[in-house]
Amino acid sequence: IHLFLFSPFIFILQKCFLEMNPDMAPNVVTSTITCETTVPNPPVKKPYKRRIVWRNVILFVYLHLAALYGLYLMFFSAKLATVAFAILSYQIAALGITAGAHRLWSHRSYKAKYPLQILLAFFNSVSFQNSIYEWARDHRLHHKYSETNADPHNATRGFFFSHIGWLLCKKHPDIREKGKGIDMSDLKANPVVMFQHRHYLKVMPICCFIIPTLIPMYLWDESFVNSWFVATMFRYCFSLNMTWLVNSAAHMWGNRPYDKTINPAENFLVAIGASGEGWHNYHHVFPWDYKAAELGDYKMNFTTAFIDFMAKIGQAYDCKTVPDNVIKSRIQRTGTLASAPVKKNPEE
Ligand code: ST9
Ligand code: ZN
Ligand code: ZN
């Protein structure tokens, strides 16, 4: 019975492992072809070898098992207030990424006054997805070198790699090399971002793990076990997976109305789970739009509702959008209305 129950799990694990280590697949036939050439050899680049970071593998396995237990406790043991609190802290963490690290700090698609910046930096620390500075550095690289080895979560390396695998191994050398050319001067000059970056190892554990575990215990007498596994482990794991789906699912499945030559797609399920960040074909074409989507539908884009509210109370300003005629002409040139598919440069 155990073998029967666990064999699909072992099969999936094996597939994921082989996706990350293709050279270890059985029956791989390798052949060597030699050819003579008069062209001098270019300087030999050390071949890239994937190096798994086992510390991260162990931590993420624990996190996912703990989250599964948290899901069970959510239905059979935790108080309703704890479940509501877990949902609220997921939403807070999501805004710290979407309205903060992504639309404000990575893309500068709007400006925020200091009180809003401090609030977003706190929300961002609840999300624990690395400091805003590191997140934005990786994300700017993701846009500039999308789906190449310099893209930290290069989706051409498969679903597993772009979802979580990229956090389980050392980065490709191209990331470090091309990353040197990314302009980070705006964030280096931002006191809120740099404060969070410098003190991340103190601020993040307090915001992501300690406060969310203590609040249910002290405010409504929840047990430590329910608090830890539901409000902290399940909430954190769920918000990570929703974010990672933007890198994996929204780079694979959905429509491509704005540019059919790129992989990022419009994925409404991801948009719902990721607070409006699933409109990824539009976002890769017009990354400076503060809505990260053509339409400002609040149901499918809670982050836009939040930024609009902040603009109403004077905390957000200079929200950038894309004029309708520019969107239309782009659709005609490269999107669904383009007369012929745009040829991709094979050198790229
Ligand atoms: C996490 C992040 O989950 C998720 C990001 C998702 C992005 C989504 C994008 C989609 C947009 C929409 C948002 C949707 C939101 C929805 C919300 C819904 C809820 N440029 O990194 P190191 C250099 S994090 C330039 O250690 P290793 C640099 O010199 C989860 N240079 O590389 C650096 O030193 P320093 C929790 C770069 O050793 C040095 O390399 N966190 C760049 O190869 C070393 O950097 C974790 O689990 C660059 N881009 O290790 C931690 N990058 O920093 C996981 C690096 O001093 N990370 N350099 O300047 C790690 O353990 C490691 O990074 C590693 C690689 C093992 C993965
Ligand atoms: Zn993307
Ligand atoms: Zn982006």
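Each ligand, and each atom within it, is numbered from 1 in the order the structure gives. Positions are given from 1, in the same order as the sequence printed here.
A donor-acceptor contact closer than 3.5 angstrom is absent between the side chains of His153 and His251. Side-chain polar atoms of Asp174 and Tyr145 form no donor-acceptor pair below 3.5 angstrom. Looking only at atom types and distance, the side chain of Asn263 has no donor-acceptor partner in the side chain of His284 under 3.5 Å away. In summary, the side chains of Glu277 and Thr303 do not present any donor paired with an acceptor at a separation below 3.5 Å, with no hydrogens or angles considered. At a cut-off of 3.5 Å, with distance as the only test, no side-chain donor of Asp151 or His172 sits close to an acceptor on the other residue. Counted by atom type alone, Arg235 and Ser239 present zero donor-acceptor pairs between their side chains at under 3.5 Å. Under 3.5 Å, the side chains of Tyr200 and Glu134 contain no donor-acceptor pair of N or O atoms.
In this structure, atom 5 (C) of ligand 1 lies nearest to the protein heavy atom Trp135 NE1, 3.4 Å. The closest protein non-hydrogen atom to atom 42 (C) of ligand 1 is Arg137 NE, 3.6 Å. Counting protein heavy atoms only, atom 49 (N) of ligand 1 is closest to Asp138 OD1, 2.7 Å. The shortest contact between atom 21 (O) of ligand 1 and any protein heavy atom is with Lys171 NZ, 3.0 Å. When hydrogens are left out, the protein atom nearest atom 36 (C) of ligand 1 is Tyr236 OH, 3.5 Å; that is the closest non-hydrogen contact. Nearest non-hydrogen protein atom to atom 41 (N) of ligand 1 is Asn130 OD1, 3.0 Å. Closest protein heavy atom to atom 15 (C) of ligand 1: Ile97 CG2, 3.3 Å. Ranking the protein heavy atoms by distance from atom 4 (C) of ligand 1 puts Gln129 OE1, 3.4 Å first.
In summary, His251 places an N/O/S atom under 2.8 Å from the Zn ion (ligand 2), meeting the contact criterion. Between the Zn ion (ligand 2) and His143 there is no N/O/S contact shorter than 2.8 Å.
There is a protein heavy atom closer than 4.0 angstrom to atom 28 (C) of ligand 1. Remark: atom 45 (O) of ligand 1 lies closer than 4.0 Å to no protein heavy atom. At a distance under 4.0 Å, no protein heavy atom can be found next to atom 56 (O) of ligand 1.
Ring planes of Phe286 and Tyr258: perpendicular class, angle over 60° (limits at 30 and 60°). Aromatic ring pairs are classed by plane angle as parallel below 30°, tilted from 30° to 60° and perpendicular above 60°; the pair Phe238 and Phe234 is parallel.
Note on ligand 1: Cys169 sits in its first shell, one or more heavy atoms being nearer than 4.0 Å. For Ile182, the heavy-atom gap to ligand 1 stays at 4.0 angstrom or more. Using a 4.0 Å heavy-atom cutoff, Lys178 is absent from the residues neighbouring ligand 1.
Our summary of the site lists the angle at the Zn ion (ligand 2) between NE2 of His142 and NE2 of His284 as 100°, to the nearest 10 degrees. The Zn ion (ligand 3) lies at the vertex of an angle of 160° between the NE2 atom of His139 and the NE2 atom of His283 (rounded to 10°).
Remark: among candidates Val270, Asn56, Leu95, Ile52, the nearest residue to atom 60 (C) of ligand 1 is Asn56, based on non-hydrogen atoms. Between His139, Arg51, Arg140, Arg176, it is Arg176 that holds the heavy atom closest to atom 40 (O) of ligand 1. Of the listed options Phe60, Phe302, Phe128, Phe60 places a heavy atom closest to atom 47 (O) of ligand 1. Considering only non-hydrogen atoms, atom 25 (C) of ligand 1 lies nearest to Gly179 out of Gly179, Ala93, Pro152, Ala292.
Looking at heavy atoms from C-beta onward, Phe306 lies in side-chain contact with Leu120 at the 4.5 angstrom threshold.
Short contacts between ligand 1 and Tyr90, defined as distances under 4.0 Å to a heavy atom of the residue, involve ligand atoms 19 (C). Listed by number with element, the atoms of ligand 1 under 4.0 Å from a non-hydrogen atom of Leu240 are 3 (O).
With Arg140 contributing its side chain and Asp183 its backbone, the two residues share a donor-acceptor pair below 3.5 Å. No donor-acceptor pair closer than 3.5 Å links the side chain of Asp289 to the backbone N or O of Ser109. Remark: side-chain polar atoms of Tyr110 are not paired, donor with acceptor, to backbone N or O of Arg103 under 3.5 angstrom.
The nearest pair of heavy atoms linking Pro152 to His142 is CD-N, 4.0 Å.
Ligand 1 has no N or O atom lying under 3.5 Å from any N or O atom of Glu277, backbone or side chain.
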message: Would Trp135 and Tyr133 count as a ring pair (Phe, Tyr, Trp, His ring centres under 6.0 Å) here? Give the steps.
response: CA-CA 6 Å; Trp135 199 102; Tyr133 180 86; over 10 Å; no
